[in-house]
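Both counts, for ligands and for their atoms, begin at 1 and track the order of listing.
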Amino acid sequence: MTTSGKPLSVAVIGAGMAGRSHAAGYRNVNTVFGAGLPPVRLAAIADANVALGEDAARRYGFEKALPSWEAVVEDPTIDAVSIVVGNALHRPIAEALVAAGKHVLCEKPLAGSLEDARAMAELERSADVVTAVGYTFRRSPGIAGIRDHVQRGELGDLTLFSGRYWCDYATDPRGPLSWRFKGGAGSGALGDVGSHIIDAAEYVAGPIVSVSGASLSTQIPKRPLPLGAVVGHNAAPVSDEFGEVENEDTASFTARFESGLVGTFSVTRTGFGLPNGLAFDVLGVGGRAAFDQHRPAEYLFDDAQPDARTRGARQVIVGPHLPYFAGGVPMEAAGVGANNADNFTYQTRAFLDQVAGVAEPLPACATFADALRTMEIIQAVVDSSRNGGAAVAVPPVV
Ligand SMILES: NC(=O)c1ccc[n+]([C@@H]2O[C@H](COP(=O)([O-])OP(=O)(O)OC[C@H]3O[C@@H](n4cnc5c(N)ncnc54)[C@H](O)[C@@H]3O)[C@@H](O)[C@H]2O)c1
């Protein structure tokens, strides 16, 4: 199928905020990096909100919109599928797709519950299709560049990782009670944005072995029921009736890494004025680096020059010396910027490289097992918060 040059047929389930990012990614996969990937057929976008699906199919050049995820499962011409709907739906859709022999790129967090995530990791063990998860920040050239500094030992022994993901999408109390506010502790800010900063932390600094000092809070305990469809974090018409927010708006915790490094983390969805504030500092005895998603085309790097007159971090401009950027943007020059949408292109390309078995693939996507691990860490954070901040061990890397 894939090595013969026959087109690879792809579909996206979910035409919301992130579904459109996957659709744009598939549209662009053959515009980046080397040859070797077969042509990609943009077969279908499925969404229960038919108008939204049709609009996305038109915008991104997909052949058709389908009204349900089941219709994707039943289409024998489709090879590879992104699951980009609310987390509680990930497991049933992944199970049906894998049973139908389709490759799966599932959005993070892996599932709506730890039980579902464990079942999906189990499914992965016996699956003979690619099963991947969308940790997009691994594809950020700046974050990949910082990881290179760490792995080359350019920061010396690490002393502290301080990470945060501060967002403002839930600051408005009139914001609708969407799927994001349902599910138990750990499925709120921790699952939605905390999963990204935890994955980025392990990507840069290695495995976390325990967490402690956790605290969760919910600033807005009730929200109005939506009167119709809600897309992503958007405002929507709401009823006068309110429902309960079932998960956390904010959380903080500390972590210990396998290397002995300590980490501090905080996440929120009720942080005023911060649309997409994933940021971290990684400090070592011989250097430090810092990244902020609000300035994704640069990062700070300091290798502790001894001259006091020039002491301080320098701004490293993202450019073709970094992973992904070379061959990954049309104007391949430092300073042209770095775009979150490009990260989705790199991610879908990496997924299809795996599916097609290309000779020189991009680094593989996170697996279901990797994403289960992130959920185990989140569960440990929840358990720590329930036990007065006690240290809770994280299951070891499989
Ligand atoms: N990697 C990232 O940067 C990133 C960013 C945002 C969201 N996400 C993840 O992507 C997923 C989707 O989030 P979103 O913000 O795009 O959600 P969203 O609410 O904007 O979109 C979800 C879509 O799913 C559709 N849907 C619901 N039930 C359906 C069904 N039974 N069949 C078909 N379609 C159905 C809805 O109509 C909606 O359009 C989540 O898992 C989220 O965590 C990842």
Using a strict 4.0 Å threshold on nitrogen-to-oxygen distance, state whether [X] and [Y] make a salt bridge.
X: D303; Y: R288; value: no
X: D199; Y: K108; value: no
X: R91; Y: E95; value: yes

Heavy-atom contacts under 4.0 Å between [X] and ligand 1: side chain, backbone, both, or neither?
X: F137; value: neither
X: T136; value: side chain
X: W179; value: side chain

Where is the nearest protein heavy atom to [atom]: which residue, which atom, and how far?
atom: atom 36 (C) of ligand 1; result: D47 OD1, 3.3 Å
atom: atom 2 (C) of ligand 1; result: H196 NE2, 3.4 Å
atom: atom 18 (P) of ligand 1; result: G232 N, 3.7 Å
atom: atom 34 (N) of ligand 1; result: A48 N, 3.1 Å

TODO: Classify the angle between the aromatic ring planes of H22 and Y26 as parallel (below 30°), tilted (30 to 60°) or perpendicular (above 60°).
DONE: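 Aromatic pair H22/Y26 classed tilted.
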Task: Aromatic ring pairing H196/Y165, orientation class (parallel under 30°, perpendicular over 60°, tilted between) - done: tilted
Open item on the list: If the contact criterion is a heavy-atom separation under 4.0 Å, does F344 count as touching ligand 1?
Closed with: yes
Would you indicate which of [options] comes nearest to [atom] when only heavy atoms are counted?
atom: atom 28 (N) of ligand 1; options: L52, L89, V85, D199; result: L89
atom: atom 43 (O) of ligand 1; options: E107, R180, K108; result: K108
atom: atom 40 (C) of ligand 1; options: N87, V230, I45, I13; result: N87

- [ ] Taking all heavy atoms of F257 and all of A201, pick out the closest pair and write down the distance.
- [x]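 Looks like CE2-O, 3.9 Å.
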TODO: For W166, look at atom CH2 and say whether over 12 heavy atoms of other residues, nucleotides or ligands are found less than 6.0 Å away.
DONE: no
Open item on the list: Tell me whether the count of non-hydrogen atoms from other residues, nucleotides or ligands lying under 6.0 Å of CG in D157 goes above 12.
Closed with: no
